[in-house]
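One structure is given here, and the rest of the page talks about it.
Please read all numbers here as calculations on a predicted model, not as lab measurements. The sequence lines fix the lettering, A, B, ..., with proteins before strands; numbering per chain opens at 1. Every heavy atom of this structure was used, including side-chain atoms; hydrogens, water molecules and symmetry mates were not.
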Number of protein chains: 2
Amino acid sequence: MSILTKTNVNTKAYQNVLEKIKDYIQIDQLKPGDKLSSEREMAEELNLSRSTIREGLRAIELLGLIETRRGEGTFLRPYQSYQTLSLLAGFIFQDRETKDNVDDTLVMIEDVIIELGRTRGEDYIQSKWSGHGYGYWKKRGYKATFEVILSVIDNQLLEKIWYLLYAFYLSIEDKQHIRTVKDLFQSFHVQTTIET
Amino acid sequence: MSILTKTNVNTKAYQNVLEKIKDYIQIDQLKPGDKLSSEREMAEELNLSRSTIREGLRAIELLGLIETRRGEGTFLRPYQSYQTLSLLAGFIFQDRETKDNVDDTLVMIEDVIIELGRTRGEDYIQSKWSGHGYGYWKKRGYKATFEVILSVIDNQLLEKIWYLLYAFYLSIEDKQHIRTVKDLFQSFHVQTTIET
DNA sequence: CATATCTACTGGTCTGACCACTCTAGAAAC
DNA sequence: GTTTCTAGAGTGGTCAGACCAGTAGATATG
């Protein structure tokens, strides 16, 4: 299902581009940051027009897999950027019913993460937060504060899901998070009084 | 940050296409199955070339949001198909570290869903499962069995996340789910003996 | 050695063309 | 009047070729 390098006639040409590039990455053992062939080279190699190649590339780019820089070339992406995730979230979770569930779901996912944080690194989180104090973290904002928990749970996937949801949450309206920095501090029993 | 309809000069043109289409869908209240403007119309309306429009469309198409049919037009997709989700999951969660976390994360998300199912519709689930009996549901498979829980929790978002994860889980290798139908039955105290 | 300039190459965008396909209004046949 | 057939308009799929705007490296210049 995955590494079929033969061109499929029935599907659209740009989909073959996706497969080819996927193979290309695997075969050449390309790593993040590496440069792909130029669009003109790919076009010649795959016997397709440059515009068709570009349609495929745009799709992959939106997924955050590659990055294009004018004058330089096309590169494999180091990692999924926050911005891309945000856009993705907006599209994936478009419909009305889904939007109604964001609040609930975000809270639930955060519950899971917080629980994980408690078992895997309660001490670290407490010292990190109490080090700078409540006032500091409140100023840095909810996202930065929560990321401290994310940093210790060592689960990239759960992390990505949170980012996806959080980005989506913010994109709906410019509302504040249901939870506050104060809530976070309290769930880890860290002092929330501001020392002068 | 979200619904700015004004064209951003710094970003690439096809990204503006994405925004425009997103707005377009919202403003015109388009529903799944509805037809979008033709590529040529969009091009004229947005003052862009058709190729640029197409680059944007291809990206959205890969996300499974739209569907193009030659000779007919471009349509909003009815639902996010399972297949598309699988492809998406593969791209979004590409890297090695992320893959290592799938097992854990899937279990955790399922815990959340199961807990929700217990509080919101334990009776329904129990009667549904015990109605056909364990043998029936075991034959129908884990996915179908789990979907019973999903059907009562009334949270589309959590549902989508599960589908995304589950698809991704299966795509990594053709392995069986960590949990079994039996486990599900037991967490709801439904009999797992097969009557003859 | 440092600097400025030139040049080849890259992605970004546009134009205009042709194909294959679908749908439909109107002509033709009944 | 009803059915069937057909031509044409419209749609997405693909292509070739062009120009612009950046980048990087070679080359020439001080």
Side-chain angles (χ1 to χ4, degrees), chain A residues 6-21 24-25 28 30 32-78 81 83-84 87, chain B residues 6-21 24-25 28 30 32-78 81 84:
Chain A
K6 69 166 178 245
T7 45
N8 195 329
V9 183
N10 293 326
T11 58
K12 297 166 192 168
Y14 88 89
Q15 290 179 330
N16 287 326
V17 176
L18 301 191
E19 290 298 330
K20 286 283 183 182
I21 290 180
Y24 186 56
I25 291 172
D28 291 10
L30 293 186
D34 285 354
K35 192 162 177 276
L36 300 180
S37 315
S38 77
E39 298 177 349
R40 291 169 175 87
E41 279 173 7
M42 289 189 201
E44 185 158 5
E45 190 175 333
L46 302 186
N47 225 330
L48 293 169
S49 76
R50 200 182 144 212
S51 8
T52 302
I53 296 288
R54 279 184 65 83
E55 289 190 17
L57 288 178
R58 285 302 73 69
I60 305 181
E61 185 181 18
L62 185 64
L63 289 179
L65 239 198
I66 59 170
E67 181 181 4
T68 53
R69 297 201 283 268
R70 184 193 319 206
E72 300 183 56
T74 305
F75 304 84
L76 264 191
R77 266 207 163 211
S81 81
Q83 184 189 2
T84 309
L87 183 64
Chain B
K6 72 167 176 242
T7 45
N8 195 328
V9 184
N10 293 326
T11 58
K12 298 166 192 169
Y14 89 89
Q15 288 179 330
N16 287 327
V17 176
L18 302 191
E19 290 297 331
K20 287 281 183 183
I21 291 180
Y24 185 57
I25 292 172
D28 291 9
L30 293 187
D34 285 354
K35 192 162 176 280
L36 299 181
S37 314
S38 77
E39 298 177 349
R40 288 169 177 87
E41 279 173 7
M42 289 189 200
E44 185 158 5
E45 191 175 332
L46 301 185
N47 226 329
L48 294 170
S49 75
R50 201 183 142 211
S51 19
T52 302
I53 297 287
R54 281 184 63 84
E55 290 190 15
L57 288 177
R58 284 299 75 68
I60 305 180
E61 186 181 18
L62 188 63
L63 287 180
L65 233 201
I66 58 170
E67 180 182 3
T68 53
R69 297 200 284 269
R70 182 191 324 205
E72 300 183 54
T74 305
F75 304 84
L76 264 192
R77 269 209 159 207
S81 78
T84 309

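- In this structure, A/T68 reaches the C/dG12 phosphate: one of its side-chain N or O atoms is under 4.0 Å from OP1 or OP2.
- Scored by the side chain to side chain contact (heavy atoms under 4.5 Å, CB included) test, B/L48 finds B/A13, B/V17, B/L46, B/T52, B/I53 as partners (sequence neighbours excluded).
- Side-chain N/O atoms of B/S38 include none lying less than 4.0 angstrom from OP1 or OP2 on D/dG10.
- Computed from coordinates, the B/E39 CD to C/dT15 P distance equals 15 Å when rounded to whole Å.
- With rounding to the nearest 0.5 Å, the separation of OG1 in A/T68 from CD1 in A/I60 is 11.5 Å.
- Taking OG1 from B/T74 and CG from B/L57, the interatomic distance works out to 5.5 Å, rounded to the nearest 0.5 Å.
- Counting to the nearest Å, the P atom of C/dT10 and the CE atom of A/M42 are 11 Å from each other.
- Residues of residues 45-54 of chain A having a heavy atom closer than 4.0 Å to DNA chain C, listed by number: A/R50, A/R54.
- Going from atom NZ of B/K35 over to atom P of C/dT22 covers 14 Å, rounded to whole Å.
- An angle of 20°, rounded to 10°, separates the two end axes of the helix from C/dC1-D/dG30 to C/dC30-D/dG1, each defined over five pairs.
- With rounding to whole Å, A/E67 atom CD is found 14 Å from C/dT10 atom C1'.
- Whole-Å rounding puts the B/E44 CD to D/dG10 C1' distance at 15 Å.
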Inset, instruction - For salt bridge (Lys or Arg N to Asp or Glu O under 4.0 Å), just list the numbers for A/E61 and A/R58, CA-CA rounded to whole Å, side-chain angles, deciding distance to a tenth of an Å, and then say yes or no. - result: CA-CA 5 Å; A/E61 185 181 18; A/R58 285 302 73 69; 2.7 Å; yes
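- Atoms CD1 and CZ, from B/I66 and B/F75 in turn, are 11.0 Å apart once rounded to the nearest 0.5 Å.
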Inset, instruction - Assign a letter to each nucleotide of nucleotides 20-27 of chain D from its 5' end: B, base within under 4.0 Å of a protein heavy atom; S, sugar-phosphate only; -, no contact. - result: -BBBS---
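- Residues that satisfy the side chain to side chain donor-acceptor pair (under 3.5 Å) test with B/S51, not counting sequence neighbours, are B/S49.
- Following rounding to the nearest Å, B/E55 (CD) and D/dG12 (P) show an atom-to-atom distance of 16 Å.
- At C/dG12, none of the side-chain N or O atoms of A/R69 fall inside 4.0 Å of OP1 or OP2 (strictly under the cut-off).
- With rounding to whole Å, A/L36 atom CG is found 19 Å from C/dC9 atom P.
- The salt bridge (charged side-chain N to carboxylate O under 4.0 Å, His left out) test applied to B/E72 returns B/R69, not counting sequence neighbours.
- Note that NZ of B/K20 and CD of B/E45 are 8.0 Å apart. Values are rounded to the nearest 0.5 Å.
- Across all non-hydrogen atoms, the minimal contact from A/G73 to A/K35 is CA-CE, 4.0 Å.
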